[in-house]
Amino acid sequence: MSTVKCVVWDLDNTLFQGIYLESANGGLKADRQLANALGELSGRGVLHAIASKNPPEAAEYATRLLGRDFAAVRCGWGRKPAAIGEIMTELGLVAGEVAFVDDDAMERAEVSFALPDVLVLEPRDVARALSWPVFSPPVVTDEGRRRGELYQQRRIRQDEARAFGGSPEDFLRCCGTRVRIAPAGAGDAARLHELSVRTHQFNSSGAVVGADEFAAMIKPGRHGAQVSQAGRQVIAVRLSDKFGDDGMVGGLIIAGKRGGSEPEWEVPLLMMSCRAIGRGVIDALLTWVCLAARHAGAGQVAVPCVINERNVPLRIALTGAGFRAGGTGPDRIARYARRLDQPLPGLPDWVTAEGAG
């Protein structure tokens with residue numbers, strides 16, 4: 001199972017000691033053990049959401065009572081599997097990245113049947129589950145610890161985008177989007193490793209790359225730039241706008257090699273956080289790598305991409321950027337390639353980029 005990225009909580013007799021609609025003037029107390037677990041998981045970069053058969057006011061009360069924001073809320077009297085499905089869609093998650101906590105055995109059974117990849121727990125399981133590998137990411141960076149805050153910014157951004165009258169590109173400019181694409185520095189290795197662990201929808205290799213491996217590919221060059229070791233270069237992508245600074249949201253590894261009669265750039269790993277999706281970042285990165293490769297004299301860029309159910313969004317983005325897939329071998333890897341003798345789009349004015357190599 002993947003590392004859990006989000007815990008979806010019931011409220012009555014779970015986060016609450018009692019039932020909201022039966023309480024007098026909202027005089028419920030929080031379950032202290034679960035409140036402590038919520039805080040511990042937040043420190044590990046795990047998001048929290050609510051799926052409760054209650055009016056919306058119950059979630060507002062939970063926010064005040066616990067002193068924490070929830071990344072997504074579904075309150076109503078519909079089925080819990082449907083509520084959890086909506087939460088996964090809103091947060092860009094798949095079932096294997098979600099846990100669900102509820103005191104009601106029937107609710108747990110219904111979710112287990114409808115969403116078998118969701119980790120279903122009863123409240124008394126939570127304290128013990130904190131030590132399980134699925135709740136223990138190997139590394140948590142500052143970006144990881146801020147994940148809840150970043151998703152709150154995402155919600156505000158999406159609300160403004162829905163109300164905006166112009167094009168998506170106009171909205172990105174209006175909200176001061178800034179994307180910086182540059183060679184990674186020595187201090188970026190831990191975050192790059194974290195991205196390799198946590199990204200799935202936009203991860204070309206599906207492999208976990210250790211911080212030591214990234215550090216070995218990064219070493220200081222002239223004027224403080226970062227140049228590759230053994231012909232490889234690591235690129236980091238950072239994102240911010242008027243709503244906040246997302247920090248590093250993506251990266252890739254470039255390996256230059258000869259391909260026939262002309263040089264080729266191969267990208268053994270391309271990864272992007274789902275928080276960046278819909279904000280022009282993946283398109284900008286694919287455009288940049290093609291422009292930088294052509295500037296360096298390459299005739300083609302190739303991205304070997306493992307074929308699985310989870311990275312379909314990345315493969316769609318590659319195709320949209322002009323990459324075409326070759327045949328898939330027994331290792332389930334397809335080679336997406338784009339020739340560089342064709343016209344290439346320019347980078348948007350909100351992208352700052354440094355050349356590779």
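Along the sequence shown, residues are numbered consecutively beginning with 1. Please read all numbers here as calculations on a predicted model, not as lab measurements.
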Chemist: Would you say Glu122 has more than 12 foreign heavy atoms packed within less than 6.0 Å of its CD?
Modeler: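 Count over threshold, so yes.
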Chemist: Checking salt bridge (Lys or Arg N to Asp or Glu O under 4.0 Å) against Asp246, which of Arg238, Arg279, Arg147 comes through?
Modeler: Arg279
Chemist: Using a distance-only test with no angle check, is there a side-chain donor-acceptor pair under 3.5 angstrom linking Arg32 and Asn36?
Modeler: no
Chemist: Just to verify, which of Val249, Leu314, Leu195, Thr199 counts as forming a side-chain contact (heavy atoms from CB on, under 4.5 Å) with Met272?
Modeler: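 Exactly one pass, corresponding to Val249.
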Chemist: To the nearest 0.5 Å, tell me how far Ser136 OG sits from Leu130 CG.
Modeler: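 These two atoms lie 8.0 Å from each other.
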Chemist: Taking the six-membered ring for Trp, are Tyr20 and Tyr61 parallel (under 30°), tilted (30 to 60°) or perpendicular (over 60°)?
Modeler: tilted
Chemist: Give a yes or no on whether a salt bridge exists between Lys53 and Asp12, defined as a side-chain N under 4.0 angstrom from a carboxylate O.
Modeler: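 Salt bridge between Lys53 and Asp12, a charged N being under 4.0 Å from a carboxylate O: no.
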Chemist: Kindly write out the residues that satisfy salt bridge (charged side-chain N to carboxylate O under 4.0 Å, His left out) with Glu149, not counting sequence neighbours, or none if the list is empty.
Modeler: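 With sequence neighbours excluded, Glu149 shows a salt bridge (charged side-chain N to carboxylate O under 4.0 Å, His left out) to Arg146, given in chain and number order.
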Chemist: Among pairs that include at least one residue of residues 283-308, which meet salt bridge (charged side-chain N to carboxylate O under 4.0 Å, His left out), considering only residues two or more places apart or in two chains?
Modeler: none
Chemist: CG/Leu270 to OG/Ser205 distance, rounded to the nearest 0.5 angstrom?
Modeler: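 Output value for this atom pair is 9.5 Å.
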Chemist: Is it true that atom CZ of Arg162 has more than 12 heavy atoms of other residues, nucleotides or ligands lying nearer than 6.0 Å?
Modeler: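 Enclosed.
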Chemist: Is the number of heavy atoms from other residues, nucleotides or ligands within 6.0 Å of CD (Gln342) greater than 12?
Modeler: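 For Gln342, atom CD is crowded (more than 12 foreign heavy atoms under 6.0 Å).
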